[in-house]
Amino acid sequence: MDNFINKLVELFTTPRYIESLLHGFLLTMQIAFFAIIIGLILGTIIALVDTAKRSKWMIIPKFVCKTYTTIIRGTPMALQLFIMFFVIFAIRGFPQIITAILAFGFNSAAYVAEVIRSGIQSVDIGQTEAGLALGLSRLTIFRYIVAPQAIRNIIPALGNEIITVIKETAIVSMVGMYDLNMAAKDIGSGQNMASYIVPMFVAALFYLIVIYFITFIIKRIEKHLKKSDLKTSEA
Amino acid sequence: MDNIITIKNLKKHYGNNEVLRGINFSLVKNENVVILGPSGSGKSTFLRCINHIEEPTSGEIYFNSTLITNKNIQKIRQDIGMVFQHFNLINNLTVMDNLILAPTKLKIMEREAAEKKAHSLLRHIGLSSKAYSYPSSLSGGQKQRIAIIRSMMLSPKVLLFDEPTSALDPESIGDVLSLIREVANAGMTTMIVTHEMNFAKEIASRIIFIDKGKIIEEGTPTEFFTHPQTPRVREFLQKVL
Ligand SMILES: Nc1ncnc2c1ncn2[C@@H]1O[C@H](COP(=O)(O)OP(=O)(O)OP(=O)(O)O)[C@@H](O)[C@H]1O
Ligand SMILES: [Mg+2]
């Protein structure tokens, strides 16, 4: 036990270790943050194409989106990461972090698209039909009728996706990037058990805190949406 | 003729399922046409093709003398109101916002004028107190009466009703039917799909009977109910009367 405490003290008093952990944490957060942004933007676009009214202009875009989400969702993230690193961006000197951000962003987009698509499709078709019958445009119907109702279904699932991305970035250590996961392993390369268990637990705590914080925010948003629902039924 | 709606050889297929198999029909101003027919005969599809909520497979539909196309339908829908079986009030909007959404977004009325009109219609149906409630807090009958005045906010030339009382409890049915009756008596031209035979008899200036996607009989309520021409209609009337 002493051994563990000593190691913990050592970990938090050795500048080199602290620096490693923070460096790793920062990289993890950077990759996750930008990947989530890309995922949200690209995923929204794919979902909008997917749910758009069928017409001859949409045949090819719909097919492209369908194929894209099928491939992304049907193959392992780790393999996608390898392909991005060793095939698509196998360019000498190309910043690794950008490759990683794109790999996770492109992956997340497929899942975000699925979340948004099912959120939109869960809104009763009668809501759209009422809008059409009143002479409103598809855009107005989406903006004032469908989107506000879809968002209630989308937010919780989107929260899950954000959390998944943060945790999944840990596999960048497989291509040699120094993220939080890698830092834990690196600091821990020592003789006894305490020397690698402690940094791993500390890294785990870092992940947990971030994810707890995000869960908290999502719950707050959900509650806010629920409250307006409640007002709905009491009014 | 002052035909408001003229339909020529309207067909609608879902894959191999021929739901409408050549409908010819015209609707004259001030008429109240009741559409009867067995379940699955295409009554809803017929109404929904008129305002292109379902796109017809072939055939022509004219509003006044304008051929309805995908390009002009959005504008024409302002003149063809529709009332649905399941009301379809917008869940995320208050009653007031349901009423003024179309007139304001379509820039047909200023917000204030729209609200004024909405208030006066609400007062008329005795639901002023619900103006700022959300649909989820209303009974079915209240929802449907609000859906009816919502469809009138744009002062349409025709109102289409698709089984407006089929999702209601017996008590609310009367309220909704009275409102429809009142609207019709005030000179609105209507097309009504209903299973309420007494109401059909009373309100219809003409009844059409659809079977397997075709109009197989039409006439005044008296002709239709007392001297049905086809065995199919006789059989139908035996079941429902
Ligand atoms: N969106 C759709 N896709 C495929 N088939 C459909 C669709 N809408 C309706 N149908 C089919 O078209 C036929 C006619 O349906 P419709 O709803 O017009 O009948 P209806 O006369 O209104 O019946 P009811 O009295 O039960 O309301 C049915 O066989 C139905 O299964
Ligand atoms: Mg029907």
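Protein chains get the first letters and strands the later ones, always in sequence-line order, with residue 1 at the start of each. None of these values were measured; they are calculated from a predicted model. Just so it is clear, the values below take in all heavy atoms, side chains as well, and ignore hydrogens, waters and symmetry mates.
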> Taking atom OH of A:Y68 as the centre, does the number of heavy atoms from other residues, nucleotides or ligands within less than 6.0 Å exceed 12?
Replying inline: yes
>> At a heavy-atom distance under 4.5 Å, which candidate from A:I145, A:V123, A:T128, A:D124 has the highest pair count against chain B?
In response: A:I145
> Under 6.0 Å from the OH atom of B:Y14, do we count more than 12 heavy atoms belonging to anything else shown?
Replying inline: yes
> Where on B:Q85 is there a heavy atom nearer than 4.5 Å to chain A: the side chain, the backbone, both, or neither?
Replying inline: neither
> In this structure, are over 12 heavy atoms from other groups packed under 6.0 Å from A:F82 atom CZ?
Replying inline: yes
> Does NE2 in B:H119 sit with more than 12 non-hydrogen atoms of other residues, nucleotides or ligands closer than 6.0 Å?
Replying inline: yes
> Can A:L134 and B:R77 be said to form a side chain to side chain contact (heavy atoms under 4.5 Å, CB included), step by step?
Replying inline: CA-CA 6 Å; A:L134 287 166; B:R77 282 178 183 138; over 6 Å; no
> What closest approach, in Å, do B:F84 and A:A130 show between heavy atoms, and which atom pair accounts for it?
Replying inline: CE1-CA, 3.8 Å
>> Can you tell me how far apart CG (B:D97) and OH (A:Y144) are? Round to the nearest 0.5 Å.
In response: 11.0 Å
> For B:E60, does the CD atom sit with more than 12 other heavy atoms under 6.0 Å from it, leaving out its own atoms?
Replying inline: yes
> Measuring from B:L101:CG to A:I141:CD1, what's the distance to the nearest 0.5 Å?
Replying inline: 9.0 Å
> Is chain A contacted by the side chain of B:R48, its backbone, both, or neither, given a heavy-atom distance below 4.5 Å?
Replying inline: side chain
>> Which atoms of B:L89 are under 4.5 Å from chain A, going by heavy atoms: the side chain, the backbone, both sets, or neither?
In response: backbone
> Have B:N91 and A:Q149 got a donor and an acceptor in their side chains that come within less than 3.5 Å?
Replying inline: yes
> With no hydrogens and no angle check, is any side-chain donor or acceptor of B:Q78 less than 3.5 Å from a backbone partner on A:G135?
Replying inline: no
> Closest approach of B:I90 and A:Q127, non-hydrogen atoms and distance?
Replying inline: CA-OE1, 3.3 Å
>> Would you compute the distance between atom CD of B:E55 and atom CZ of A:R54 and round it to the nearest 0.5 angstrom?
In response: 12.5 Å
> Closest approach of A:A133 and B:M82, non-hydrogen atoms and distance?
Replying inline: CB-CB, 3.9 Å
> With a cut-off of 6.0 Å (strictly less than), are more than 12 heavy atoms of other residues, nucleotides or ligands near CD1 of A:I91?
Replying inline: yes
>> If we define contacts as heavy-atom pairs under 4.5 Å, which of B:L106, B:L138, B:N51 has the most with chain A?
In response: B:L106
> Does a sphere of radius 6.0 Å around CZ in A:F63 hold more than 12 heavy atoms from other residues, nucleotides or ligands, not counting ones at 6.0 Å or beyond?
Replying inline: no
>> Heavy-atom count check: over 12 atoms from other residues, nucleotides or ligands less than 6.0 Å from A:K62 NZ?
In response: yes
